[in-house]
Amino acid sequence: QVQLVESGGGLVQAGGSLRLSCSTSGFPFSISGMGWFRQSPGKQREMVATISSGGTTNYADSVQGRFTISRNNAERTVSLQMMNLKPEDTAVYYCKRLGTAYWGQGTQVTVSS
């Protein structure tokens, strides 16, 4: 079955960095668009970054220039490198196979000021 497992979240000070990773199985990863989304308490889940099967990337304005999404088709992983983190980046981060209802369980990122 389809599985997406996020890892790499944690507590970091403002200005710090974290790298999230999503390991996948159960679907044709190399031809799948993938994305990272996040949800803070009381807010709707929002798109952070997406990457197409061909490697085209797209970012939310709030993270442009600070976050980088990448994929490794051989390892079936999609990663999110987060730099210069801000308290407003605090959220649960989710990995998603685009165009489907498949989500990971999420990983908590907390940025302290």
Side-chain angles (χ1 to χ4, degrees):
Q1 71 275 24
V2 173
Q3 287 191 322
L4 302 101
V5 180
E6 301 94 339
S7 61
L11 173 63
V12 64
Q13 288 188 333
S17 301
L18 280 175
R19 184 177 179 87
L20 306 183
S21 185
C22 175
S23 298
T24 72
S25 62
F27 63 94
F29 181 82
S30 65
I31 61 171
S32 298
M34 300 295 299
W36 284 96
F37 294 73
R38 67 187 181 187
Q39 188 166 20
S40 309
K43 294 187 177 181
Q44 289 190 332
R45 194 170 296 189
E46 63 176 357
M47 186 275 289
V48 175
T50 63
I51 186 166
S52 71
S53 58
T56 300
T57 58
N58 184 45
Y59 297 93
D61 290 343
S62 59
V63 307
Q64 182 76 48
R66 299 188 297 122
F67 291 11
T68 302
I69 188 171
S70 60
R71 64 188 298 154
N72 184 319
N73 288 341
E75 295 184 357
R76 299 180 56 92
T77 59
V78 57
S79 298
L80 185 69
Q81 178 68 49
M82 305 186 293
M83 311 281 287
N84 189 22
L85 282 159
K86 303 176 180 180
E88 52 263 43
D89 295 318
T90 295
V92 178
Y93 284 71
Y94 299 90
C95 174
K96 186 180 191 293
R97 181 188 178 195
L98 300 182
T100 75
Y102 295 115
W103 296 87
Q105 83 289 349
T107 186
Q108 177 70 48
V109 171
T110 303
V111 184
S112 64
S113 56

Contacts of type ring pair (Phe, Tyr, Trp, His ring centres under 6.0 Å), residue Phe67, not counting sequence neighbours: none
Shortest non-hydrogen contact from Arg97 toward Ser32: NE-OG, 3.2 Å
Atom pair OG1 (Thr24) and CE (Met34), whose distance is rounded to the nearest 0.5 Å: 6.0 Å
Check: Gln81 main-chain N/O paired with Thr68 side-chain donor or acceptor under 3.5 Å: no
Test item: Thr90 side-chain N/O and Val111 main-chain N/O as donor-acceptor pair under 3.5 Å: yes
Whichever hydrophobic residues join Val5 through chains of side-chain contacts under 4.5 Å: none
Minimum-distance pair of heavy atoms, taken over all atoms of Gln108 and Thr110: NE2-OG1, 3.3 Å
Transitive ILVMFWY side-chain link Phe27 to Val78, under 4.5 Å: yes
Sequence neighbours excluded, every pair satisfying side chain to side chain donor-acceptor pair (under 3.5 Å) that has a member inside residues 53-64: Arg38-Ser62
Separation between CG of Leu4 and OG of Ser23, rounded to the nearest 0.5 Å: 9.5 Å
Single-linkage hydrophobic cluster, 4.5 Å side-chain cutoff, Leu98 and Ile69 together: no
Residue pairs involving residues 68-113 (criterion ring pair (Phe, Tyr, Trp, His ring centres under 6.0 Å); sequence neighbours excluded): Phe37-Trp103
Sequence neighbours excluded - disulfide bond (SG atoms under 2.5 Å apart) pairs with any residue from residues 60-113: Cys22-Cys95
Residue pair Val63 / Val48: nearest heavy atoms and the distance that separates them: CG2-O, 3.5 Å
Spatial distance of atom OG1 (Thr77) from atom CZ (Phe29) [nearest 0.5 Å]: 6.0 Å
Where Leu18 and Leu85 come nearest, the two heavy atoms and their spacing: N-CD1, 3.8 Å
Arg71 side chain vs Gly33 backbone, donor-acceptor pair below 3.5 Å: no
Where Met83 and Ser17 come nearest, the two heavy atoms and their spacing: SD-OG, 3.4 Å
Pairwise salt bridge (charged side-chain N to carboxylate O under 4.0 Å, His left out) hits with a residue in residues 2-31, at least two apart: none
Smallest separation among heavy atoms of Val92 and Gly106, with atom names: CG1-CA, 3.8 Å
Connected via hydrophobic side-chain network under 4.5 Å: Val12 and Met82: yes
